[in-house]
Structure formats: C-alpha cells, structure tokens
Amino acid sequence: MRKWSKSLILSLFIISMLFPLIPFSVKAQSTIPTFTVGACGPAPIGSWDGISFAATTGDYFRYNALEGLFELPYGAESGDYDNLVPVLATSWTIHARPDEMNAKGFMNYGGVDYMDVVLRENVKFHDGSDFNATVCKWNLDRLMYTLGNINFCIGGSTEVDSAVTTNRPIYWLSVSDWLPYATASWNVANFRGPYYGGGYYLNEYPGFGYSSAADSPYGLNRFPRFTNITILDNKQSGGTVRVYFNDWGTGPQYLSNAWVKFISMDSYKDYFDVPIMGYGDVPKFPQNNATSPFPGHLIGTGPYMFDNFTLDQGTMTRFDDWWNASAQQAKGWHMLPKVAVVTFSHDTTGYAARTTALVTGDIDFAYDHSWEPLGYSDIATASNLDYIDMGQENYGEVIVLNCVDETYLRYWYDIGFNLSQPVGSPYTYPILSSTNIKEVNGTLKPTNGVDRAFRKALSYAFDYDTYLALYNGRVERSGGLVASTHEYYDPSVPLPTRDLTIARQTLLDDPVWGAVCLAHGLTSTTDDWNTVATTNPIYTFEDHYDDAHLESYQLLISALEDIGCAIAATKDTSGTYPAILAGTLPLLSCDGFAIKPYHSRIDDLGFIQAYYQSTGIIERTPTDATFPFQNYTRYIADYNSYPYAFPYKAGSNMGFTYNATCDNLIAKLWFQNSTGKQQYYSELADWAQNYQYPMLYLGNDLTGRAVDKDWDTAWHWILVQHFDLVKYSPTAPGIPGFSVGLVLFASVIASIGIAYILMKKKKIL
C-alpha cells in the first residue's frame, strides 16, 4: 500500500505540473480583439454618398454604417420581389400596373405603379435621431433632386460633377429609350417638363457645351425613376410612405439596400443639395472632429459607426443602439466592439502581402476574388485559416472582339477621329476631311477585320480546356451571355468549344476569307495553318492585354496561329488601358481586348444592356465629305440611359455590335413576366453565342473568403461582409487522442489526490 501511494503521489504530481505546459491557446472570452479585414484598393477609397457613390474598398464601411429598406439575400433563387428581406422596412404592398399592349406591338407585363412601405419603428441613427417617414422622404427627395441637378445644385466642381453625372442616368431615364414602349396608361412622353410628376424639376440648360436642350442628356430628354414620395403615416419613429414610380416595373429594385441607403436628416440637413465626397480625404468633407463644421461621415442606422480613415486603414465601432442588436446578440452575433479595414496595394505585390498578412495573423479576414486574389495554396495549407468556398463569382473573363462588319466605329478611328481632343463643344466631333484620314502604309486600313466569320473561327480555335487547367480548378467555364449561375441561364444553348475543323472550315467557306486563305495557299482544314501564321499570316490581329489576363493572352496567340493569323499587341502596364484613345493601337480601333465584365446572378439585365445594346445615335451630315469612300453621317451621343456615355466608358456596347435583333430582345426583356424572360434570355444567348460571336466567353473564377479560425463569419447579403455577422470564437489546437476536458479533470483530481495523501500522511485526516 505504501509503495502504491508513493507511485500515485508521483504520477499525480507529474500530471499537475505538466498540465500548464500543454500548448493550449486559451484566450480570455471577456476581451474581444479588433476584427481586421484586408482589402485591396487605393487610398483615398472613394465616395460613400449615394449621389456621388463609386464602388471601392470603402464599401466595407458603407454597407455596415448605412442601411436601406430591404435587400435580396445571398441565397435568393430569383429577383422576384417576394424574395426581398426587410431591413428598415417591415412590410410593403406593391400596386401593379395593368398588363398592356405597347406601341411596339407586344405586351408589357409586370409593371409597378406605386409601393406602400411600412417603416420599422424604434430605429435610431448614430446621432440619436429617429428614422421615420419624414426622414425617408427627405433621403429619396435628396437623391432625385441632386442627381437631377435641380436649381444647379451640383456646384461646378469637376470632381463632383463627374461623380453626380455618372450616377444620374440610374435615376433620371432617357425619354428616347422608353418612349417606343408606351402603353395606354404608361407613356413617358407625358413626363416631359419643366415639371415631372411630383414636382421634380430638371433644368433646361444646355450644359456642358450642348447647343440646345434637345441635344443635352441633362435637359428635357430625361424623366425621374421615382415620381414622388408621399407620407401616408407620419410618426416620430417609423410610419408609412408611398413611392410612385415612372419606370415600368423596376422601381422597387432601385429602392433596395443595394442602391438607396439612408443618412441622418438631422446631421446632414445642410447637405440636401450637396453631394458628399470621400471618407475624410476631401477638404470640404473632413474627418469628424470638434473644429469641423462638417458633422462626420456615414451617419446612418447600421450596426457599426464609422470612426475614421487615414492612409491605408480605417476603423468602425459597434453601434450599441442598433435596432437589431438584441436579436443578433441573443445568437452570439453583433458582439465585436471594433473593426478595422486595412487596404493593400492593388497589384501583385499587394495581393501577396495580403496573403502573407492572413497567414501570419496580422489580419483576420479577406475575400478571394479575381480582382483581388489570395494565394490559394498558401491559404489552404495554413493551419490558422479556414477557406470558405462561395461558388462562382459574378465577374467572368471575356476577350471582346470588335464587330467591325456591324459597326461604323472602326471606320471612325481609321479616318483619324481623336476623341481625346474633340473640336468645338466637349460632346461633338471633328468635321470629316481628307486631312484627318489615318493612313497605314499609304492606304486605308483593310476593312475586313474581325467580321462575323472570323469571330466564329476564333471562337472555335480557342483552347478553353487548357485555359481552365491553368487555374487548377479555381475557374469554371463561362456560361456565355450570362453566368451559369444566372436565374435564366439556359444550358441547352450551346457555347463554342475548341474544334479546329469548324474554325478553319468557317474561314474557307466565307466569300471574303476563303479568297484570303486561297491566296495564302490554304485550301484544306488539314493544311499547315501554323506555318502560314509565322511566315505569311492571313491577318494580323491587333490586341490589348495586361497582367490580369496573361493566361488568356498566351492562349489567344495559339488560337490565332491555329487559324493562320499573327498578333500585334499592346500591353497595358497600369491595369487601366491608358492607350484607349491613343498610342500604337488605340483600344477602340483594335480587334480585341480582355476584360472581366460584371454579370449578377439575379437582376442582370441592366448590365446586359450596357455591354450589348447600341448606344444612342444622332444623325449628322458632314460639310466636307470628299473622300474616295462613302460619306459618314452619324456619331454616337451621350444620349441613352445605358450606356450613358461614350464608348470609352467601361461597359458601353463592348463588342460594338449595333445590332437591331439584340436591341429588340433586350428591350422586350424589360417588360416580361418570368416565362417571357426565360424565352428572351435564351434567344439573346443564342444570338450572342451562335450568331454574333462578339466575345470569346472564357471562364468565371471561383470565389471565397479566408477567415482566421478564431472567428466565425456568416454570410447573408449579396454584397460585402456585414460585421454584425462575425463572431469571436477562439480555438485551441488539440493533442491527438486527448480531450481538454479529460486532462482538466485529471489535473483537478491530481491536485485533490496529492493534498489528500499528504494530509493522511500527516494524520490531519
């Protein structure tokens, strides 16, 4: 017995001494550290005000400090309004327009006349003021009033004017766009001014060099998306408003949290007609401090309050009076006292630094997107990180092909138009003359270019499988016109795949290209097309590329060689295509360029229209048309709502298609029920993928988020991470075969056992 006692004492003593040395990381639950997000982007990081908003890394602050009426959750199956989730609204009633035949001869379905919105009660802004019907109306009126430049309120600053006019076409729509689809009860011609229904006034000044109000997109050719906002029930907190719409059926979409976010009327009462710029970096709108007359940035109703942003880091503090705090905190959410957002440079150096910061624990969270990628292998193997796959991202890589046989745009540039230095007013162009013809080797540039036959051939020559393999499973093949995750994606519509027989036979069978191939000794699909490409190419393809598209650029070279072509390329070293109007190969006169356009999984039609529909055209007759080729009588005007500016703006008829079939299908989609939308999306996809070939549809990256294992993150909304859905949950690395509870129990027993034996030995017990 004595021998056993000595052994027990020794064993229990060793357990009690070694337990504190076991490498568990036990962190105090009572102290929640700052949650640090890493993002890639420039500093300053843009503007947050809805009037002057531009998407930047500042969205992390915007989407956590400001809230809207309702939102589509991340998992919504479609854009139907039944899928909206309440935020600052608790309920709403949509009053439909009657289904009616329009002037074009087809039925308009799904119209929304007005919407009654019941506002949430007991909602406070960060400054303590109440959210109610008066504040709701003030915010919506402010948006429409300032974007409409009513009473010249935008102030003349180039920076402000640019920001406001960029957002204006979202809420002030082109009469010419919508007039052809008028019905008996809905006719935008009746919305012409000077007063637009509800009292919104769009001034008639020509503006920005226009010769008349009729030519100006800022004059009488626009009408407001919202007619007016009427208060039905005014309370100190909450209430009910009625929002009347001028557009046919998308008004509620533009009231959602993604577009309209509410700011404090109390704090910003002096800024009703003043766009707010920056996050403290614009002198007129400094950081919140005691000496500044500006009240501070992002004073909203959201779960976190904006503190400041300096150099490359900004912080936010939990809003304890948030209307949803109790419900969220009962589930363990909305507990973070502080959040920081650190920005890294938007280049390969910054991407690598952000990955390293995650692995070393300097930051806790980062998204993995194609435009701000993480080092996936480093993240996946890091013991302190979890990687959560979020499926296919909304940006998909394409190589845009200039549809020269359907457009006059290339002809424009070949005769020497210089859009960077227009003659006369800012939005007019030089008179054509023989003195501004651009010559290539003494003659006009050949006009065959990348016509439809060539675009089809190239679409079937590209090696999509190799392209996908280069990304090690992190890219999926494009869905074509829309992403394969889109609500109206039709998998039965084929997409070109690599088939050199089809590619080469397409050129051989074409009247123009067949003769070109014959002149270069190519008469069969099995001829040595690659040798011809390197010795006597049938065409030299002019291309733009940058570091973000190196993989597709290399495969484009191979695809062109496989159809007997060479390549002349301009590399953009800054990632923004600065040679867009000038240089050796001006972007808009070249044959192709790579880009990643955005296509939402739901509500994508606005982007489809921006990328594919013809821009507005105003006929003009040149006074000096003495060329050895046909007279040119048209120019593209800043005229339509989508796109809203010249083709050098991002997302403006990127393939330069100018095709009536495409335009008509897009127009019909705005007025359809779900059955019609499926039909016309499929027809549009078939037109793009099997007739027009305006782009090489390559792939969509898989996206995800990397999170330190000490944190749990939920995902509910479509856009950026909401910090109220982050939970501090520190983990301890385990020992194989051991249980923390068991070892703790053994330690306690060890201590008691040692004490018992010693007391027994001393006869205390």
Side-chain angles (χ1 to χ4, degrees), residues 35-41 55 57 59-60 74-75 312 341-399 463-479 483-485 545-555 575 594-599 601 697-715 718-721 725-726 729 731 733:
F35 180 68
T36 305
V37 175
C40 292
T57 53
D59 290 357
Y60 283 102
Y74 186 69
D312 61 354
V341 178
V342 178
T343 57
F344 295 81
S345 60
H346 222 319
D347 51 31
T348 54
T349 301
Y351 306 152
R354 192 171 65 126
T355 298
T356 300
L358 273 169
V359 173
T360 59
D362 291 330
I363 62 175
D364 305 304
F365 177 94
Y367 284 116
D368 183 20
H369 296 298
S370 63
W371 68 91
E372 50 173 7
L374 291 171
Y376 181 76
S377 58
D378 293 333
I379 298 298
T381 56
S383 61
N384 63 315
L385 298 174
D386 285 326
Y387 187 92
I388 297 103
D389 279 298
M390 297 172 61
Q392 190 181 107
E393 75 174 11
N394 293 330
Y395 290 86
E397 184 173 15
V398 299
I399 297 177
D463 192 343
Y464 303 97
D465 289 340
T466 298
Y467 169 82
L468 298 178
L470 291 175
Y471 291 93
N472 298 314
R474 298 300 300 167
V475 174
E476 295 181 350
R477 178 70 200 277
S478 169
S484 60
T485 55
Y545 73 101
D546 59 16
D547 285 334
H549 305 281
L550 291 177
E551 294 83 0
S552 60
Y553 169 66
Q554 293 298 328
L555 289 171
I595 199 170
K596 289 193 175 183
Y598 179 87
H599 284 291
R601 186 172 57 85
Y697 298 102
L698 304 184
N700 286 69
D701 292 68
L702 295 180
T703 186
R705 60 187 191 269
V707 189
D708 191 285
K709 290 181 178 179
D710 282 349
W711 302 91
D712 292 333
T713 56
W715 183 255
I718 290 177
L719 298 168
V720 302
Q721 176 67 56
L725 295 176
V726 178
S729 180
T731 57

ask   = Are H346 and Y351 close enough, and set up right, to give a ring-ring contact (aromatic ring centres under 6.0 Å, His included), and what steps lead you there?
value = CA-CA 7 Å; H346 222 319; Y351 306 152; 5.8 Å; yes

ask   = Looking only at heavy atoms, what is the nearest atom pair of T360 and D362, with distance?
value = OG1-OD2, 3.1 Å

Exercise: identify the closest heavy-atom pair between S478 and Y697 = OG-CB, 3.5 Å

key: Separation between CD1 of I388 and OG1 of T703, rounded to the nearest 0.5 Å   = 11.5 Å

inquiry  = Just verifying a value: how many Å separate K596 NZ and H369 NE2, rounded to the nearest 0.5 Å?
reply    = 11.5 Å

Residues Q554, L470; criterion side-chain contact (heavy atoms from CB on, under 4.5 Å); working and verdict = CA-CA 11 Å; Q554 293 298 328; L470 291 175; over 6 Å; no

request  = Give the minimum heavy-atom separation between A382 and V359, together with the two atoms involved.
outcome  = CB-CG2, 4.2 Å

query = Does the pair T713 and L725 meet the rule for a side-chain contact (heavy atoms from CB on, under 4.5 Å), with working shown?
reply = CA-CA 6 Å; T713 56; L725 295 176; over 6 Å; no

remark   = So OG1 of T36 and CD1 of I363: to nearest 0.5 Å the spacing works out to 8.0 Å

key: Ring centers of F365, W711 separated by less than 6.0 Å   = no

ask   = How long is the span from the OH atom in Y60 to the CD atom in Q721, to the nearest 0.5 Å?
value = 8.0 Å

Return all side-chain donor-acceptor pairs below 3.5 angstrom for residues 371-378, not counting sequence neighbours, or 'none' if the list is empty.
from	atom 1	to	atom 2	distance (Å)
E372	OE1	C40	N	2.9

query = Can S552 and E397 be counted as having a side-chain donor-acceptor contact under 3.5 angstrom?
reply = yes

message = Between R601 and T485 (side chain of the first, backbone of the second, donor and acceptor by atom type, cut-off under 3.5 Å), is there such a pair?
response = no

message = Less than 4.0 angstrom from a charged side-chain N to a carboxylate O is my criterion; do R474 and D389 meet it?
response = yes

ask   = So, for L358 and L385, which heavy atoms are closest and what is the spacing to 0.1 Å?
value = O-CD2, 3.7 Å

A39 backbone acceptor or donor facing T343 side chain under 3.5 Å = no

inquiry  = Do N700 and H599 make a side-chain contact, defined as non-hydrogen atoms from C-beta onward lying under 4.5 Å apart?
reply    = no

query = Residues in side-chain hydrogen bond (donor to acceptor under 3.5 Å, both in side chains) with S345, at least two apart?
reply = D347

key: I379 vs D368 side-chain heavy atoms within contact, under 4.5 Å   = no

remark   = Taken in chain and number order and not counting sequence neighbours, the residues that satisfy ring pair (Phe, Tyr, Trp, His ring centres under 6.0 Å) with Y467 are Y471

key: Closest non-hydrogen atom pair between G361 and D364, with its separation   = O-OD1, 4.5 Å

remark   = Between the CG atom in D546 and the OH atom in Y553, the distance rounded to the nearest 0.5 Å is 12.0 Å

task = Apply the test side chain to side chain donor-acceptor pair (under 3.5 Å) to residues S484 and Q392: give CA-CA distance (whole Å), side-chain angles for both, the deciding distance (0.1 Å), then the verdict.
result = CA-CA 9 Å; S484 60; Q392 190 181 107; 3.1 Å; yes

message = Could you check whether any side-chain N or O of D386 sits under 3.5 Å from a backbone N or O of R705, counting only pairs where one atom can act as donor and the other as acceptor?
response = no

4.5 Å side-chain heavy-atom contact, L555 and T466 = yes

message = Which heavy atom of G350 sits nearest to which heavy atom of F344, and what is that distance?
response = O-CB, 3.7 Å

